[in-house]
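Encoded as structure tokens, the structure appears first; notes follow it.
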Amino acid sequence: MSHPEIGQRLASIKHVVLVLSGKGGVGKSSCTVQLALSLANQGRKVGVLDIDLCGPSIPRMLGLEGRQIHQATAGWVPVFADSGKQLACMSIGFLLPNKNTSVVWRGPKKNAMIKQFLADVYWGDLDYLLIDTPPGTSDEHLAVVEYLQEWNPDGAVIVTTPQAVALADVKKEINFCTKVGLPLLGLIENMSGFVCPHCAECTNVFSTGGGEGLAKHMDIPFLGRAPIDPNLVMLLEQEDKTVVPNVNNPDAEKIVTGSIVETYQHCELSKIFATITATLEAGLGKTK
Amino acid sequence: MSSIPADANEHCPGPESAGAGKAAGCEGCPNQQICSTQASGPDPDLPLITQRLDQTHHKLLILSGKGGVGKSTFTAQLAFALSQTHEVGVVDIDVCGPSLPKIMGVEREDVHRSSNGWTPVFVSDSLSLMSIGFMLPDEDAAVIWRGPKKNGIIKQFLRDVDWPPLDFMLFDTPPGTSDEHLSVVQLLRDSGITGAVILTTPQEVALQDVRKEIDFCRKARVPIMGLVENMSGFVCPGCRHESAIFPPTTGGAQALCDELDIPLLGRIPLDPLIGRA
């Protein structure tokens, strides 16, 4: 079934990348946000579409909680995370009356919402549209792949944590991508180690190496390993995104920046994600 | 049996009627959203399920809303602990990501059929488990099902499994507030749910999803037994200092419990050995 209205929206978007996992709680949303911040820092125009209808995390992470969506003649206007309008966001989080409200929908209603997000949002010209997904291989994933298929999305980035119980779900997600013909752009091994702020010993809280092993085994590009960084966790949690977090030294003088894009550059993980996005872009350059 | 909720509108057609959620009288009703998305008409399998489970004393849902907080790990730990002195059955209704067979060390087992139905897998003499994980052709096979098919298998777990008489039946659920959650609540409507235990980690991004899950429980009238805060602090094996990997920036589970008047059942720290086990 054709959806020309979706095609019209996607015509001005250079790359569409889904961020998938299969397993919950591995850091899909935080990786989507970091990819977006990293790309925006390099001057790209990025849109983040949050299709996790039951647990929309992106607004809080980008500091956009409580913001409203406006309707223009061209469609729904996404919410911008920075004054320069490099980073736009759309999520059901902006449509709920308050943060306690649950979205208790079965498949068909979720599909309809996802279709609206793809057909009715006025993204304008974007270099990247990153789509954050819920865990699993179900209605939302089938819907988004079905609606995008006609317009050849670039593919999916898979996020996992290193331990076996996560890898089991991620293998299923990789199989899902293969079954529906979604190219696999790469795999990120997240939460790979925690460096104790007191003694600098690295403990592999969720084991290590599993993601890299899986990528090799399934012949997917390995994009990189990201350890747990308390400053990143704090950045995603805190309401004021212009203050640089310094969890190990809370009494130190605070650094204030102009936007979340700048603040993120002060986190150690921004260096790792700069490499991840460089590898991702190089891979995309080869296929398009 | 008509089950018009106490807070329904005056001219409620009943949640089972064909016009549930869609009739004129439904506008503005707090239950409208749930009614309009469920199948209508009484389910002939409900009495069968009620019969299967009439020797099960307590049914507990382990919920979260947020993924990756440790629902399956906690369900397994709770099941092991309870099975020391009670008969326990565990139902893994996470159809897309069934973790329990791996966590409980019974990954390669098969489900057998007898004239009484499906036999659950026995982890120990007093602990049995049913999961779709036992029915997949190989462990990498994806379960790409839409809602109705997922509902079907959950119904089978309740209607067709030959459970022994149980003191506790624990339900491990996937993250979210969707088909699986709606189905299990509807299917156990006559049989009765004792309550829900809600898992969270301390940080706000998890608590946000948990608020929604609590809202779901209240909408679906599932009693909330309490909250458990998991991954609550990490003690470095090197220097023994405690760090908060998932910081409770908004007060953690305690603050949420105080705000919403729910018991905090306990806090569990992060233990790297569990990840390796």
Side-chain angles (χ1 to χ4, degrees), chain A residues 21-26 29-30 52-55 57 60-61 99-110 134-139 141-142 161-166 168-169 171-176 179-180 194 196-199 201 203-207 228 230 233-234 236-238 247, chain B residues 33-34 37-38 64-69 72-73 94-97 99 102-103 139-148 150 174-179 181-182 201 203-206 208-209 211-216 219-220 234 236-239 241 243-247 249-250 270 272 275-276:
Chain A
S21 179
K23 183 82 182 72
V26 298
S29 300
S30 59
D52 187 345
L53 302 179
C54 297
S57 306
R60 174 82 189 197
M61 291 186 175
K99 64 179 179 179
N100 290 349
T101 312
S102 58
V103 170
V104 189
W105 294 349
R106 288 194 185 271
K109 216 164 166 184
K110 291 198 273 187
T137 48
S138 191
D139 292 87
H141 310 86
L142 284 165
T161 44
Q163 81 278 40
V165 88
D169 288 354
K171 278 188 223 171
K172 294 176 165 58
E173 196 73 17
I174 292 171
N175 267 313
F176 164 80
K179 266 189 183 160
V180 300
F194 171 67
C196 175
H198 302 277
C199 70
E201 178 172 318
T203 308
N204 291 319
V205 188
F206 300 113
S207 179
I228 298 172
V233 179
M234 191 54 79
L236 298 177
E237 285 280 293
Q238 66 193 29
V247 167
Chain B
Q33 210 180 49
I34 291 193
T37 55
Q38 75 188 27
S64 180
K66 184 82 183 70
V69 297
S72 299
T73 309
D94 189 343
V95 172
C96 296
S99 306
K102 189 176 220 79
I103 291 174
E139 66 165 25
D140 297 351
V143 175
I144 313 173
W145 293 353
R146 290 191 189 271
K150 290 196 279 187
T177 48
S178 191
D179 288 90
H181 310 84
L182 277 166
T201 45
Q203 80 279 38
E204 174 63 15
V205 92
Q208 288 207 323
D209 289 356
R211 284 170 195 278
K212 294 174 165 59
E213 198 73 20
I214 291 169
D215 189 47
F216 165 79
K219 275 179 182 162
F234 167 71
C236 174
C239 68
H241 274 100
S243 307
I245 290 184
F246 302 111
T249 53
T250 51
L270 244 178
R276 277 210 286 279

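Values below: every heavy atom of this structure, side chains too, minus hydrogens, waters and symmetry copies. Letters go in sequence order (proteins before strands), and every chain restarts at 1.
- Looking only at heavy-atom pairs under 4.5 Å with chain A, the residue among Ser243(B), Ser99(B), Gly147(B), Gly176(B) that has the most is Ser243(B).
- Looking at Pro135(A), only its side chain comes within 4.5 Å of chain B, counting heavy atoms on both sides.
- Chain A forms the most heavy-atom pairs under 4.5 Å with one residue out of Pro237(B), Ala142(B), Ala141(B), and that residue is Ala142(B).
- Contact between Thr137(A) and Val143(B) at its shortest, heavy atoms only, is OG1-O, 2.7 Å.
- Counting heavy-atom pairs under 4.5 Å between each of Gly22(A), Gly55(A), Ser29(A) and chain B puts Gly55(A) at the top.
- A distance of 9.5 Å separates CG of Asn100(A) from CD of Gln208(B), quoted to the nearest 0.5 Å.
- With a 4.5 Å cut-off on non-hydrogen atoms, Phe194(A) touches chain B through its side chain but not through its backbone.
- Using a 4.5 Å cut-off between heavy atoms, Ser178(B) touches chain A through backbone and side chain atoms alike.
- Nearest heavy-atom pair across Asp169(A) and Gly97(B) is OD1-CA, 3.4 Å.
- Here Thr250(B) pairs with Arg60(A), Glu204(B), Leu207(B) under the side-chain contact (heavy atoms from CB on, under 4.5 Å) rule; sequence neighbours left out.
- The side-chain heavy atoms of Met234(A) and Pro247(B), taken from C-beta on, include a pair separated by under 4.5 Å.
- With sequence neighbours left out, Asp209(B) forms a side-chain contact (heavy atoms from CB on, under 4.5 Å) with Ser57(A), Lys66(B).
- Listed for the Asp215(B) side chain is a donor-acceptor partner under 3.5 Å among the backbone atoms of Ser102(A).
- Between Arg106(A) and Leu182(B), the closest heavy-atom pair is NH2-CB, 3.5 Å.
- Using a 4.5 Å cut-off between heavy atoms, Val69(B) makes no contact with chain A at all.
- Side-chain contact between Asp139(A) and Asp179(B) is present, with heavy atoms from C-beta onward closer than 4.5 Å.
- With a 4.5 Å cut-off on non-hydrogen atoms, Ile103(B) touches chain A through its side chain but not through its backbone.
- With a 4.5 angstrom heavy-atom cutoff, Val104(A) touches chain B via backbone and side-chain atoms both.
- With contacts defined as side-chain heavy-atom distances shorter than 4.5 Å, the pair Val205(A)/Leu270(B) qualifies.
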